[in-house]
Structures are given as C-alpha cells and as structure tokens.
Number of protein chains: 4
Amino acid sequence: MTSGRVRRFDPERRDRIIDSCLRVIAEQGVAGASHRTIAAAADVPLGSMTYHFSGMDELLHEAFERFTTSVSDRFEERMAQAGSADEAREAVVRTILDAADPRETVLSHELYTLAAREPSFRDLTHGWMARSRRGLERHFDPETARLLDALIEGLQIHRALDTQERDPSDARIAVARLTHAATGPTPAAG
Amino acid sequence: MTSGRVRRFDPERRDRIIDSCLRVIAEQGVAGASHRTIAAAADVPLGSMTYHFSGMDELLHEAFERFTTSVSDRFEERMAQAGSADEAREAVVRTILDAADPRETVLSHELYTLAAREPSFRDLTHGWMARSRRGLERHFDPETARLLDALIEGLQIHRALDTQERDPSDARIAVARLTHAATGPTPAAG
Amino acid sequence: MTSGRVRRFDPERRDRIIDSCLRVIAEQGVAGASHRTIAAAADVPLGSMTYHFSGMDELLHEAFERFTTSVSDRFEERMAQAGSADEAREAVVRTILDAADPRETVLSHELYTLAAREPSFRDLTHGWMARSRRGLERHFDPETARLLDALIEGLQIHRALDTQERDPSDARIAVARLTHAATGPTPAAG
Amino acid sequence: MTSGRVRRFDPERRDRIIDSCLRVIAEQGVAGASHRTIAAAADVPLGSMTYHFSGMDELLHEAFERFTTSVSDRFEERMAQAGSADEAREAVVRTILDAADPRETVLSHELYTLAAREPSFRDLTHGWMARSRRGLERHFDPETARLLDALIEGLQIHRALDTQERDPSDARIAVARLTHAATGPTPAAG
DNA sequence: AATGAATGAGGATTCATTCAT
DNA sequence: CATGAATGAATCCTCATTCAT
C-alpha cells in the first residue's frame with residue numbers, strides 16, 4: 001500500500017529546489033528569495049530547505065553556479081560553431097542583441113550585486129568571465145578577447161537599462177572597431 | 001525653555017536620512033536597508049521614517065537619485081575640463097581605472113538590480129546614461145559616445161568582479177580602438 | 001469609543017512579562033521558557049517580547065534578578081527581626097526547613113545552572129550570597145556567616161533532592177555546631 | 001569483502017554516545033544537548049540515536065547515572081583510604097577544595113536542575129547522596145555524615161558561584177566545627 | 001540491524017507599518 | 001508636527017521523530 005500523503009523518497013528534490021530558486025530570483029529578486037517562497041515554488045515542505053542546504057548562502061551559490069554554467073555553455077557553443085573571424089564577430093553581435101531575455105538580465109544583475117559585496121560569489125563571476133574569454137580566444141587574440149567580453153557586458157547592460165530603444169547597429173560597429181582596427185575616418189567629433 | 005525632549009525642529013533631517021540610506025546600502029545592500037537600520041544610522045527615531053517618506057520605495061528612489069546625480073556631476077566636470085580629444089580619451093581611461101571605490105561599485109549594482117526588475121527605477125539609469133553620453137559628446141560623435149559609455153560600464157564591471165588583477169593598459173587600448181579606428185595590425189588571432 | 005481589540009498602551013506590560021517568565025521557568029524550566037511560551041503566559045503578542053527585551057538573555061537576567069532580590073529581601077527581614085543570637089539561629093533553621101516551596105527550589109537551581117556556565121549570571125548569585133551574609137553578620141562573625149550561608153544552601157538542596165524524608169532536627173544540630181562550638185561529646189564514629 | 005559503507009558493527013557505539021552526551025552537556029548544557037549535537041560529537045549517524053535510545057530522557061538518565069557513579073566511586077575511594085578521623089576530615093576538605101573542575105560543577109547543577117523538576121531523576125541524586133553518606137559513615141556517626149555531606153555541597157556551590165575568591169581555610173574550619181564540637185571561643189558576634 | 005531522507009512544529013528575531021499621544 | 005509603543009507577518013534555522021530502505 002502506497003497510500004498516505006507523503007513522498008518519502010524524492011531524489012531529484014535538490015535539483016528542483018535549485019531550479020525553483022532561480023525562478024523565484026528571476027521573478028522577485030534575491031530579496032524575495034526566502035526559504036518560504038522557494039519551498040512553495042518547488043512544492044516542497046519548508047523543513048526540506050535546510051535539510052538539503054546548509055542555508056540560503058549555499059543555495060544561492062549553487063543556483064547561480066547553475067545559471068552561469070548554462071549561460072557559459074551556450075556562449076561557448078556559439079563560439080565553437082563560428083568557422084571564421086567574421087562569423088565569430090557576428091556571433092558576438094547576436095549575443096549582445098539577444099540579451100533581451102529579461103530573465104537573464106535580472107539574474108545577471110542579481111549575481112553582480114551579490115558578488116560586488118560578498119567575495120565568496122566572485123569565484124562565479126570570475127569563472128564566467130574566464131569561460132567567455134576562452135570562447136572568444138578561439139577567434140581573437142587574448143587582449144581583444146578581454147575587450148570584447150567587457151564590451152558585450154556594457155552594451156547588454158545599457159540596452160537593458162535604458163528606457164530608449166537602441167539601434168542594433170551599435171553592436172556591430174563596436175565589435176568591428178574593437179576587432180579590426182580600420183573601419184573609416186577618425187570618429188572624434190568636430 | 002528648552003526642557004523636555006530634544007530636537008523637535010530639525011530641517012536637515014530628511015537630508016540626513018537620505019545620506020544614511022546610501023551609507024547603509026553601500027555597507028549592507030538594499031536587502032539590509034530597512035527602516036530600522038537607516039533610522040539608527042541617521043540617529044533618527046523610527047517613527048520619523050514613515051513620516052518623512054511614504055515608504056521604502058520613495059526613500060530608495062531619492063537616495064539613488066542623489067547617487068546618480070553626484071556621479072554624473074563628477075563625470076561631466078571631468079569631460080568639461082578636457083581640452084582636446086586626447087585629453088578626453090585620457091579622462092575616460094581614468095574614469096574606468098578609478099572605479100576601484102567599492103562603495104560606488106556596490107551602489108551601482110544595487111541600482112542596476114533594482115532597475116532590471118522595476119521600471120520605476122529605470123528613469124534614473126536612463127538619466128544617468130544620458131548625462132554620461134552628453135559629456136562624451138563634447139568630444140566624440142554620438143555613435144562613439146554611446147559605445148564609449150558602454151565600454152566604460154563593461155570594463156568597470158569586469159575589473160570589479162574579476163578575482164584576477166586586470167592590466168590597466170586594457171582600458172587605454174580599448175578607448176583607442178573605439179575612438180580612432182586604426183592603431184595597428186588587425187588583431188584577429190592567427 | 002474604545003472599541004476594537006487592542007490595548008495600545010500598557011505600561012505594566014514589561015513587568016508582567018518578567019513575572020510570567022519566572023512562572024514559566026518555575027513550571028517548565030529555562031528550557032521551556034521560550035518567547036512563545038512566555039508571551040502566551042503573559043497574554044501578550046509575540047512581537048512584544050523582542051520589543052521590550054533585546055533577547056532571551058536580557059529577559060532571563062531581569063527575571064532572575066527579581067527572584068534573587070525577593071528571596072534576599074525576605075531573608076534579610078527575617079534576620080533583622082531576630083533580637084538575639086538564639087533567635088537568629090532559629091531563623092536560620094526555619095529558613096532551611098521552609099525551603100519546601102518547590103517553586104523556589106526549581107528557580108534556584110535553574111539560576112545556578114545558568115551561572116555555572118555563563119559568568120554573566122554570576123553577578124546575581126554573587127549579590128545574592130553577599131546579601132545573605134550581610135544578614136547573617138548582624139548576629140554572627142563574618143567567618144561563621146559564610147559557613148552558615150553555605151550550610152543553608154547544602155541542607156536545602158539535600159532536603160529537596162533526596163527521595164527520603166529528612167529529620168528536621170538535622171538543621172538545628174548543624175546550626176548549633178557551626179555557631180557555638182561545644183554541644184557535647186566529639187561526634188566522630190567509634 | 002569490506003567494501004561498501006563502513007562500520008556496520010560497532011559494539012561500543014552506545015557507550016560512545018553516552019560519553020559524548022556528557023561532553024556536550026558539560027560544554028553547552030542540557031539545553032544544547034540535542035540528538036543532532038550529540039550524534040555529531042560521537043561521530044555517529046543521526047538515525048542511530050533513536051535506535052539505541054528510546055528518546056532524550058533515556059539517554060540523559062544513563063548519562064547522568066554514569067556521571068554520578070564515577071563521582072561517587074572517587075569519593076568512596078578517598079574515604080576508604082583515610083586511616084583515621086583526622087585523615088577523613090582532611091579528605092573532606094580536599095573534596096571541597098578540589099571541586100574547581102568546571103566540568104563537574106556544570107554537570108552537577110544540570111542534574112540538580114533536572115531532578116528539581118522531574119522526580120524520575122531524583123533516584124540518581126538520592127543514590128549519589130546515599131553513597132556519599134556511606135563513605136562518610138566509615139569515619140563519622142550518621143548524623144554528622146549527613147551534615148558533612150550537605151556542607152560539602154553548600155561550600156562547593158558557593159565557591160563555584162561566587163565571583164569573589166574564597167579563603168580555603170573556610171572549609172577546614174567548617175569541617176572542624178561540624179565534626180568535633182569544641183574548637184575555641186563562642187563565635188557569636190559581639 | 002541500522003540509517004539517510006524527510007518533515008511539521010517550534011525556536012529567536014526583524015520587519016514595515018499603524019496609531020494614540 | 002512628530003514619535004514611542006506596539007504588533008502580526010515573515011524571516012532563517014533547529015529540532016525530535018518517523019519511516020522506507
């Protein structure tokens with residue numbers, strides 16, 4: 001008889017909690033990510049939270065680790081599929097423009113905010129950046145890879161946090177300037 | 001007679017609360033900025049908080065408005081003092097490298113995180129970016145100004161959130177590439 | 001109209017909480033004295049507890065301070081009313097025998113246990129003992145006062161923690177021996 | 001094959017749990033002695049606790065039984081080794097003064113507190129006192145033995161819970177007065 | 001025989017907000 | 001005008017115990 005009401009064994013529960021944690025953060029921010037809200041989102045009893053995770057910090061760390069890994073995976077794959085420098089440039093541009101997904105924007109900023117204050121989260125941001133650079137270095141020299149990586153970051157943020165629409169060509173021009181020197185006349189203002 | 005309790009008239013109290021709010025956010029994040037902690041930091045009675053501000057949102061908005069205004073002021077002044085495109089480039093480079101102040105890093109990210117989720121804070125980020133661009137447009141064409149602004153953002157973030165030291169020359173090279181096209185051989189990897 | 005359901009002003013509430021705290025400790029021990037149980041006993045909302053006391057420690061300290069003060073008051077009065085050394089001896093004997101009140105036994109031990117581990121409670125036990133000695137010194141020299149005080153303690157404990165009834169004359173004999181040397185033949189066993 | 005998990009047979013585990021229980025109580029009190037903390041201290045799985053003991057009460061009882069037995073053993077031995085009434089007096093004095101071991105002080109009080117409220121622990125305190133008296137009765141008459149036992153208790157407590165140092169001669173004088181009546185002039189205060 | 005997984009109840013504490021003064 | 005007192009909801013976390021394995 002498997003009657004009763006509880007599931008005593010649920011091996012994927014830990015996983016589900018991590019996913020729910022990311023979902024809650026995306027929707028309500030780290031501030032709204034409490035044991036309660038996450039437990040409810042994961043359809044798991046409250047006591048389950050501290051059983052599986054030593055505390056909110058461990059949970060947050062694992063959640064953001066999953067997030068950065070998945071974003072990095074996707075970016076690396078994109079870079080791997082580019083067959084030439086030109087295709088790589090186009091992939092970078094697309095990465096910048098695709099960032100419209102508000103979920104990722106929000107999660108990124110939440111992580112940055114955490115990392116800005118708590119060094120323990122900086123291993124995640126560091127690892128993330130390292131993998132991005134490694135992907136870029138398939139097609140560009142290390143110096144350029146670092147600059148491109150920072151540019152992607154800055155353009156994504158400004159696209160996300162500006163109330164005004166941005167012209168998509170910005171990204172293309174910026175990538176061009178950073179990757180091959182000469183594109184035309186000196187752009188200093190008259 | 002000045003007997004009884006003290007300080008029934010304190011015209012700068014509102015101001016002090018806003019400053020304390022920023023101080024608390026810099027130290028403990030928006031998450032740690034409660035009426036209680038801010039009131040304590042400002043040495044102001046708890047009941048005073050809801051008297052002067054309709055709620056945390058109003059207070060946060062005013063606090064971040066003060067923050068972005070002060071950062072923008074400083075940047076605009078820097079740009080105004082640059083007498084040539086070269087001096088402007090150097091001012092941009094210094095702006096990127098000076099961002100070591102953890103207080104500003106933290107406050108920026110806290111604001112971005114807020115703005116990423118709540119549109120009501122996006123007027124602040126939009127205004128901030130607009131003023132930055134206006135400053136840059138004293139020396140560069142609008143297109144370049146936009147790109148420089150994003151680059152500043154990206155490099156600052158990566159410098160702050162990487163565990164590894166960054167070479168300061170990165171900033172100089174990036175600014176050079178974005179502002180005058182040709183600086184040398186094509187940097188695509190071999 | 002004083003309708004509604006809440007009492008917004010209740011100046012004796014702090015006092016009532018302290019009393020309820022002692023009551024709960026007497027009934028269930030320090031282990032059972034939680035914010036919840038005490039709040040319920042005092043008919044006070046839970047949030048009221050940490051409003052009036054910084055935490056359980058402060059509350060416990062104040063509660064036991066009240067307890068020791070009241071016990072000391074009573075003992076001092078008894079000593080003050082004794083008109084002669086003989087009456088003082090009798091008062092001491094009665095103090096030992098009266099300790100049957102389980103409430104006081106329990107509270108004393110709870111305090112001792114606390115003080116045994118946390119020095120911050122030792123000021124209470126020290127003050128208690130000091131006042132007891134001061135009372136005894138009205139009638140006995142300091143040396144004898146110290147010994148009597150310890151004897152009271154020991155006899156009370158053994159009376160309380162033995163499952164076997166004790167002969168009340170024990171107390172009388174012990175007090176006699178400690179206070180005037182000669183009462184008969186040497187009591188060493190054959 | 002000793003593969004798989006380890007230590008499915010561990011006959012001393014029950015013993016180790018009891019010892020760990022005492023250690024935890026000495027360090028954190030009965031309040032801090034939970035199944036979890038004790039299991040961790042004994043390096044034993046949590047589920048093992050309720051397997052070996054029906055509940056905390058059984059465990060506490062066995063732990064304190066071990067404690068009182070060991071203290072009683074030592075005291076009895078001391079008394080057995082005393083060859084004369086004078087040596088016995090000295091042994092009693094030393095027992096009082098040696099009680100500086102904070103571990104024993106703490107454990108004694110924890111037990112007293114338990115016994116003060118729950119009669120089920122009073123068999124332990126009763127047995128302890130009975131054995132103490134039996135030891136003393138090797139050298140003193142039953143009456144004196146009871147008084148000495150109580151005096152030991154009282155002086156130990158006051159030495160442990162006073163913030164002021166005690167003069168060791170107190171113990172010697174008290175024992176003298178209780179055991180042979182006349183030691184000098186009447187100690188009543190002038 | 002032994003235990004890892006699980007959980008509901010309860011632990012202290014913090015919070016934004018209300019309201020009588 | 002300004003605030004100290006008050007509170008219910010929510011915070012994270014620990015707990016003894018149960019039970020399928």
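Residue numbers start from 1 in every chain, and the chains themselves are labelled A, B, ... in the order their sequence lines are given, proteins ahead of strands. Hydrogens, waters and symmetry mates are skipped; everything else that's a heavy atom, side chains included, is used.
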Of all the base pairs, Watson-Crick or G-U under 3.5 Å, which form stems of three or more consecutive pairs involving DNA chain E?
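Stem list for DNA chain E: E:2-21 with F:2-21.
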
Practice prompt. Assess whether salt bridge (charged side-chain N to carboxylate O under 4.0 Å, His left out) is satisfied between R103(C) and E27(C), documenting all intermediate values.
Written response: CA-CA 8 Å; R103(C) 186 188 130 99; E27(C) 283 163 15; over 6 Å; no

Can we say D15(D) and R66(D) salt-bridge, meaning some charged N sits less than 4.0 Å from an Asp/Glu carboxylate O?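 Between R66(D) and D15(D) there is a salt bridge, with a charged N closer than 4.0 Å to a carboxylate O.
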
Taking atom CG of L59(B) and atom CZ of F64(B), what is their separation to the nearest 0.5 Å?
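With rounding to 0.5 Å, CG (L59(B)) is 10.0 Å from CZ (F64(B)).
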
Report task. Mind checking the OH-CH2 spacing from Y112(B) to W128(B)? Nearest 0.5 Å is all I need. Result ->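 So the OH of Y112(B) and the CH2 of W128(B) are separated by 4.0 Å.
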
Send over the distance from [X] [atom1] to [N] [atom2], rounded to a whole Å.
| X | N | atom1 | atom2 | answer |
| --- | --- | --- | --- | --- |
| Y51(C) | dT14(E) | OH | P | 15 Å |
| M56(D) | dT17(F) | CE | P | 9 Å |
| L46(D) | dA16(F) | CG | C1' | 9 Å |
| F53(B) | dT3(F) | CZ | P | 13 Å |
| R36(D) | dT14(F) | CZ | C1' | 6 Å |
| H35(A) | dT14(F) | NE2 | C1' | 12 Å |
| I38(B) | dC15(E) | CD1 | C1' | 12 Å |
| I17(A) | dA6(E) | CD1 | P | 9 Å |

Among L114(C), I18(C), L111(C), L22(C), exactly one meets side-chain contact (heavy atoms from CB on, under 4.5 Å) together with L60(C). Which residue is that?
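Of the listed residues L114(C), I18(C), L111(C), L22(C), the side-chain contact (heavy atoms from CB on, under 4.5 Å) partner of L60(C) is L114(C).
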
Taking for each residue the nucleotide of DNA chain E with the nearest heavy atom, is it P45(D) or G55(C) whose nucleotide lies nearer the 5' end?
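The residue closer to the strand's 5' end, by nearest nucleotide, is P45(D).
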
What I want to check is whether the side chains of [X] and [Y] have a donor and an acceptor closer together than 3.5 Å.
| X | Y | value |
| --- | --- | --- |
| S20(A) | R23(A) | yes |
| T37(A) | S34(A) | yes |
| H109(D) | T113(C) | no |

* Start at the 5' end of DNA chain F and walk down; is the nucleotide closest to D57(A) or to S54(D) reached first? ->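 Closest to the 5' end, via its nearest nucleotide, is D57(A).
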
Of G47(B) and A33(A), whose closest DNA chain F nucleotide lies nearer the 5' terminus?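 Checking each residue's closest nucleotide, the 5'-ward one belongs to G47(B).
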
Query raised in the report: When you check the phosphate oxygens OP1 and OP2 of dA6(E), does a side-chain N or O of H52(A) lie under 4.0 Å from one of them?
Result: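 It does, given that an N or O in the side chain of H52(A) lies less than 4.0 Å from OP1 or OP2 of dA6(E).
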
Can you tell me if R13(D) touches the phosphate of dA1(E), counting only side-chain N or O atoms and a distance under 4.0 Å to OP1 or OP2?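 Looking at the OP1 and OP2 atoms of dA1(E), neither is under 4.0 Å from any side-chain N or O of R13(D).
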
Shortest non-hydrogen separation from R122(C) to A116(C) and the atoms involved |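 Heavy atoms only, the tightest pair is NH2-O, 3.4 Å.
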
Review point. Counting any heavy atom closer than 4.0 Å, what does S48(D) reach on the DNA or RNA strands: base, sugar-phosphate only, or nothing?
Key: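 Sugar-phosphate contact only - S48(D) comes under 4.0 Å of backbone atoms but never of a base.
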
| message | Need one value for S34(D): base, sugar-phosphate or nothing, where a base atom within 4.0 Å counts as base even if backbone is also close, heavy atoms only. | response |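 Contact class for S34(D): sugar-phosphate only.
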
Which of residues 113-123 of chain A have a heavy atom under 4.0 Å from DNA chain F?
->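 Heavy-atom cutoff 4.0 Å gives no residues at all.
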
### Task
Ignoring hydrogens and angles, tell me if any N or O in the side chain of S48(C) forms a donor-acceptor pair with the backbone of V44(C) under 3.5 Å.
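Not confirmed, S48(C) side chain does not pair with V44(C) backbone.
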
